[in-house]
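Model, not experiment: these values are computed from the prediction. For the single chain, residues carry numbers from 1 onward in sequence order.
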Amino acid sequence: QVQLVESGGGLVQAGGSLRLSCAASGRIFSSYRMGWFRQAPGKEREFVAAISWSDGPTYYADSVKGRFTISRDKAKNTVNLQMNSLKPEDTAVYYCAADSLRGSVYSLDVHYDYWGQGTQVTVSS
């Protein structure tokens, strides 16, 4: 079993930046697909970004393209999400997730086997 722990959330003004990290433990990370999702109050959980562990392509929701960058550090077993030009609409709890079977649709949360507890990101106007 894989355990995922997010960190790096906080309060930032609109236009600012935050870097989220997801630390994995308990199992070899190898060829998983890793993703970030978020959920704002009263809204459905939505896909943010995904990356294949083994130098695969990256994927982004249209709402964050050009502003967010997903990356991974194999040596540290971490997945990061660099968030720039933050908007109040980005306010949400951000979750790290792992897809061990490489589901056919990278943006669907049902394909992800493991989830972190979430970290709060609040963007003030």
- [ ] Rounded to the nearest 0.5 Å, what's the gap from OH on Tyr114 to OH on Tyr32? Could you check?
- [x] 4.5 Å
Task: Those residues that, when tested against Tyr112, pass ring-ring contact (aromatic ring centres under 6.0 Å, His included) (two or more places apart) - done: Phe37
Open item on the list: Holding to side chain to side chain contact (heavy atoms under 4.5 Å, CB included), I want the full list of residues that pass it with Thr58, two or more places apart in sequence or in another chain.
Closed with: Ile51, Tyr60, Ile70
Open item on the list: Applying side-chain hydrogen bond (donor to acceptor under 3.5 Å, both in side chains), can you list everything that pairs with Asn84, at least two apart in sequence or on another chain?
Closed with: Ser17, Gln82
TODO: Output all residues satisfying side-chain hydrogen bond (donor to acceptor under 3.5 Å, both in side chains) with Lys65, sequence neighbours left out; order by chain, then residue number.
DONE: Asp62
Open item on the list: Hydrophobic cluster membership, with links at side-chain heavy-atom distances under 4.5 Å among I/L/V/M/F/W/Y: are Val93 and Leu20 in one?
Closed with: no
- [ ] For Glu46, check salt bridge (Lys or Arg N to Asp or Glu O under 4.0 Å) against everything at least two apart and list the hits.
- [x] Arg38
- [ ] Kindly state each residue pair satisfying salt bridge (charged side-chain N to carboxylate O under 4.0 Å, His left out) with at least one member in residues 16-25, sequence neighbours excluded.
- [x] none
Task: Sequence-distant partners of Asp109, salt bridge (Lys or Arg N to Asp or Glu O under 4.0 Å), two or more places apart - done: Arg45
- [ ] Under the ring-ring contact (aromatic ring centres under 6.0 Å, His included) rule, collect the residues that match up with Tyr59, sequence neighbours excluded.
- [x] Tyr106
Open item on the list: Please give me the minimum heavy-atom distance between His111 and Asp99, naming the atom from each residue.
Closed with: O-OD1, 2.9 Å
- [ ] Please list, chain by chain and in numerical order, all residues satisfying side chain to side chain contact (heavy atoms under 4.5 Å, CB included) with Ser85, sequence neighbours excluded.
- [x] Arg67
Task: Inter-residue atom distance Gln13.CD - Ser125.OG, 0.5 Å rounding - done: 9.5 Å
Open item on the list: Please report the interatomic distance CG(Leu81) to OH(Tyr94), rounded to the nearest 0.5 Å.
Closed with: 7.5 Å
- [ ] Sequence neighbours left out, what passes side chain to side chain contact (heavy atoms under 4.5 Å, CB included) with Val123? Give chain and number order.
- [x] Val12, Ala14, Leu86, Pro88, Asp90, Thr91, Val121
- [ ] Indicate the atoms forming the closest heavy-atom contact of Cys96 with Leu4, along with that distance.
- [x] O-CD1, 3.7 Å
Open item on the list: Same cluster or not: Val79 versus Val48, using hydrophobic residues (I, L, V, M, F, W, Y) connected whenever any side-chain heavy atoms lie under 4.5 Å apart?
Closed with: yes
TODO: Return the minimal non-hydrogen interatomic distance between Arg72 and Ser54, and the atom names on each side.
DONE: NH2-C, 4.3 Å
Open item on the list: On a heavy-atom basis, which atom in Lys43 and which in Gln39 lie closest, and how many Å separate them?
Closed with: O-NE2, 3.1 Å
- [ ] Go through the structure and list residues passing side chain to side chain contact (heavy atoms under 4.5 Å, CB included) with Ala61, not counting sequence neighbours.
- [x] Phe47, Ser63, Val64
Task: OG1 on Thr78 to CG on Asp73, rounded to 0.5 Å - done: 4.5 Å
- [ ] Quick one: which residue pairs count as a salt bridge (charged side-chain N to carboxylate O under 4.0 Å, His left out) with a foot in residues 3-14, not counting sequence neighbours?
- [x] none
